[in-house]
There are 2 protein chains.
Amino acid sequence: MVTIREVAEAAGVSQATAARALNGYGSVSARALERVTESAARLGYKTNMIAQALRLGQTRAIGFVPGDIENPFFAKIARHLGDTLEASGYTLLLSSSDERPDRERKVVETLRQHMVSGFVVAPTAQDDAPHLAQLVEDGVPLVLIDRRVEGLRADSVTVNNEGAGFQAVLHLIEHGHRDIAILVDDLQIASSAERFAGYQKALDAHGIRLEPTYIGVGGASREGAYEAAHRVLTLGHRPTALFATDNFMTEGALRALRDLGLRMPADVSIVGFDDFDLTTFVDPAVTVVAQPIAELGQEAGRLILRRLEGAEDEPHNVNLLAELIIRGSVEAPPASDAA
Amino acid sequence: MVTIREVAEAAGVSQATAARALNGYGSVSARALERVTESAARLGYKTNMIAQALRLGQTRAIGFVPGDIENPFFAKIARHLGDTLEASGYTLLLSSSDERPDRERKVVETLRQHMVSGFVVAPTAQDDAPHLAQLVEDGVPLVLIDRRVEGLRADSVTVNNEGAGFQAVLHLIEHGHRDIAILVDDLQIASSAERFAGYQKALDAHGIRLEPTYIGVGGASREGAYEAAHRVLTLGHRPTALFATDNFMTEGALRALRDLGLRMPADVSIVGFDDFDLTTFVDPAVTVVAQPIAELGQEAGRLILRRLEGAEDEPHNVNLLAELIIRGSVEAPPASDAA
DNA sequence: CTCTTCAATGATATCGTTATCAATCACAAG
DNA sequence: CTTGTGATTGATAACGATATCATTGAAGAG
């Protein structure tokens, strides 16, 4: 790797002038500027980011800590976040928390040791995030994505989960459903809890009692989602409709339905979450709450860039709207079960 | 961030002894060792990786450049590669090439500027990779994954693509098919070219002439895959079987089939690639060539760790076997078309 | 008691970059 | 001819960690 010292030597100037020429500060004669830029180009000089980082106290890199990189939701966010940051000369460093609080803490620590300039994190827990609180205290730019942490004064980009959940369940109720089950991930995860709250609210608004056995909780895996769906669908008093609150849950529901020989929507109506492949592949296509995933990533990028440029104002909370896309997976409940 | 200087001060020793105590070299008195470790723990000292990297000439980080992070194939590799490296104290830095040679070059350059200790790359092009050749020349550990580059003396982990393609097409031929179309990604990508070669070989071995219109080439996107599949399936002389050579192609084929109202396997038999969600979701499930994805990632991790530990021997080429998983998407061609 | 030996330690150079300070030079004003 | 001004430049000090070299002191050998 060629250093600035070698460039200076080749140009016949001191490294100080070479630095001035390359970085455009101080004053440099036209002649020196030309010779330095020429030498730099010829030798293929690339500034050593590590040395620069040590000197400047920060890298031009942002740490991104998604819940699970194998989840297409986060993969897509990574893509758009990365594109946005790259346009401003920042690099994205990605390391997944695998939805485990201890891993999240460790990953954040490692990234801090690498002196990243800021963080975009999908927090694993709704509360109790001392490592994130520490970031805020130390003035390190932090943007929470998809989920928030109670009491943490940081920027965030989320979708209107409660409203989306409410709207989804309302849609089912309007089609005459009253026995509506819900499939959720761990309620410790803020977004899950909010979607659940929307479900509860919609039931309440129509005087429907919440049936505890209708709550299917699956871990952050495809298998857990399937099992939860399977359990709910084999209940003695089977629900006539299902609200799946994320893409894994939606897939699990569709699989369970198929394996149990239940027809959608004839036997069970479904509203899913996230507009991913499978939902448009099955017949009929699944009515889903679609999150503006690309915007989530881009907005997070914009927020962190603002902070990196020195913005010191109050935390911004960008709340994006999820949209109900009506397709063919919801109709009136089978006559025998109708209220 | 607390520095080693502060730890030394707190322990009442010079930073030299503090460094010795913390890193375990030179000789340190029991007393000094105890006081330093105590101070470090109390102050929460974490070594600054950036400073360490500058001094040591390398970070304990590995750059991973997948073709496309939104492709589940690479996401899964990232997961397993990351796990393997992490176990040895390395961090994974991920930046996607989006299957674009120019981007690949840029990404590799950026990662080099960040002084990563090694690279794992899924090369976009089979030849003409000067930036990768440069790595090899500079002695930077490099492992090619999924694909190889002609004439590049670097470690690699691949699957037996040609054999897998051969086996897949043979399976179709054995069921009586002779009009077999293939869906491939850009033939510039080594793995695609090899799978195509396997297809060719199997046809040759049974004296079947290769029909040029039966070759559907789609870009590295879901849309391109769908279009290629659609084109092939609407041909005047429609093929009775389809070999889809990656997961996007397989999905495209299934979608096109569905949209065209064709039944699988009654109208068209299919052998897909990669054992992902959709293939087991449809009815019947799709017969696929399943790649050992987890092993690909782990093996790449092992290879790069060997180099980081100083191995200087000849390049290792690990070739893993893909396995044909027979399910329900292949049967004899419809009678009217049989030879 | 003197000389050697070695453990223990502090001072210091280095990695490559940035940015400040001090020095030099030309040129114009007096 | 002297002095001042400002542009241009080189020398140099950081950033934090590591590793070498030189120094100290104590213990053991003669």
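Just so it is clear, the structure is predicted and the values come from calculations on it, not from any experiment. Here is how names work: the chains are called A, B, and so on, in the same order as the sequence lines, proteins then strands, and each is numbered from 1.
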Could you state the atom-to-atom distance from [atom1] of [X] to [atom2] of [N] in whole Å?
X: Leu56(B); N: dG16(C); atom1: CG; atom2: C1'; answer: 15 Å
X: Glu34(A); N: dT8(D); atom1: CD; atom2: P; answer: 15 Å
X: Leu22(B); N: dA19(D); atom1: CG; atom2: C1'; answer: 15 Å
X: Leu54(B); N: dT17(C); atom1: CG; atom2: C1'; answer: 8 Å
X: Gln113(B); N: dT17(C); atom1: CD; atom2: C1'; answer: 13 Å
X: Arg5(B); N: dG10(C); atom1: CZ; atom2: C1'; answer: 12 Å
X: Met49(A); N: dC15(C); atom1: CE; atom2: C1'; answer: 17 Å
X: Glu6(B); N: dC15(D); atom1: CD; atom2: C1'; answer: 13 Å

[X], nearest nucleotide to its side chain (from [options]):
X: Tyr25(A); options: dT20(C), dG16(C), dA17(D); answer: dT20(C)
X: Gln52(A); options: dT9(C), dT17(C), dT18(D); answer: dT17(C)
X: Ser14(A); options: dT17(C), dC15(D), dG10(D); answer: dG10(D)
X: Thr3(A); options: dT9(C), dT14(C), dT17(C); answer: dT17(C)
X: Gln15(B); options: dA17(D), dT20(C), dA8(C); answer: dA17(D)

Any side-chain N or O of [X] less than 4.0 Å from the OP1 or OP2 oxygen of [N]?
X: Asn48(A); N: dT17(C); value: no
X: Tyr45(B); N: dG16(D); value: no
X: Ser29(B); N: dA7(C); value: no
X: Ser27(B); N: dA8(C); value: yes
X: Thr17(B); N: dG10(C); value: yes

Exercise for the section: Check the pair Asn48(A) / Gln52(A) against side-chain hydrogen bond (donor to acceptor under 3.5 Å, both in side chains), numbers first and verdict last. Expected result: CA-CA 6 Å; Asn48(A) 181 326; Gln52(A) 193 184 51; over 6 Å; no

Problem - 5' priority, DNA chain C, between Gly26(B) and Ala51(B) [closest heavy atom] - result: Gly26(B)

Problem - Contact nearer the 5' end of DNA chain D, comparing Arg55(B) with Val13(A) - result: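 Per heavy-atom nearest nucleotide, the more 5' residue is Val13(A).
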
[X] side, atom [atom1]; [Y] side, atom [atom2] - distance, nearest 0.5 Å:
X: Leu132(A); Y: Asp128(A); atom1: CG; atom2: CG; value: 10.0 Å
X: Leu43(A); Y: Met1(A); atom1: CG; atom2: CE; value: 11.5 Å
X: Asp68(A); Y: Ser96(A); atom1: CG; atom2: OG; value: 5.0 Å

Exercise for the section: Answer yes or no: does atom CD of Gln298(B) have more than 12 heavy-atom neighbours from other residues, nucleotides or ligands under 6.0 Å? Expected result: yes

Handout entry: Sugar-phosphate, base or nothing in reach of Ile50(A), heavy atoms under 4.0 Å
Key =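 Here Ile50(A) touches no strand at all.
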
Practice task
Scan Ala53(B) against the nucleic acid and name what it touches under 4.0 Å (heavy atoms): base, sugar-phosphate only, or nothing.
Solution key: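 Nothing: the residue Ala53(B), judged by heavy atoms under 4.0 Å, touches no strand.
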
Problem - Test side chain to side chain contact (heavy atoms under 4.5 Å, CB included) applied to Pro315(B) and Leu144(B), Asp155(B), Val136(B), Leu303(B), the passing residue - result: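 The side chain to side chain contact (heavy atoms under 4.5 Å, CB included) with Pro315(B) is passed solely by Asp155(B) among Leu144(B), Asp155(B), Val136(B), Leu303(B).
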
Exercise for the section: Answer with yes or no whether Arg20(A) presents, from its side chain, a donor or acceptor under 3.5 Å of a partner atom in the base of dG10(D). Expected result: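 Result: at least one qualifying N/O pair found.
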
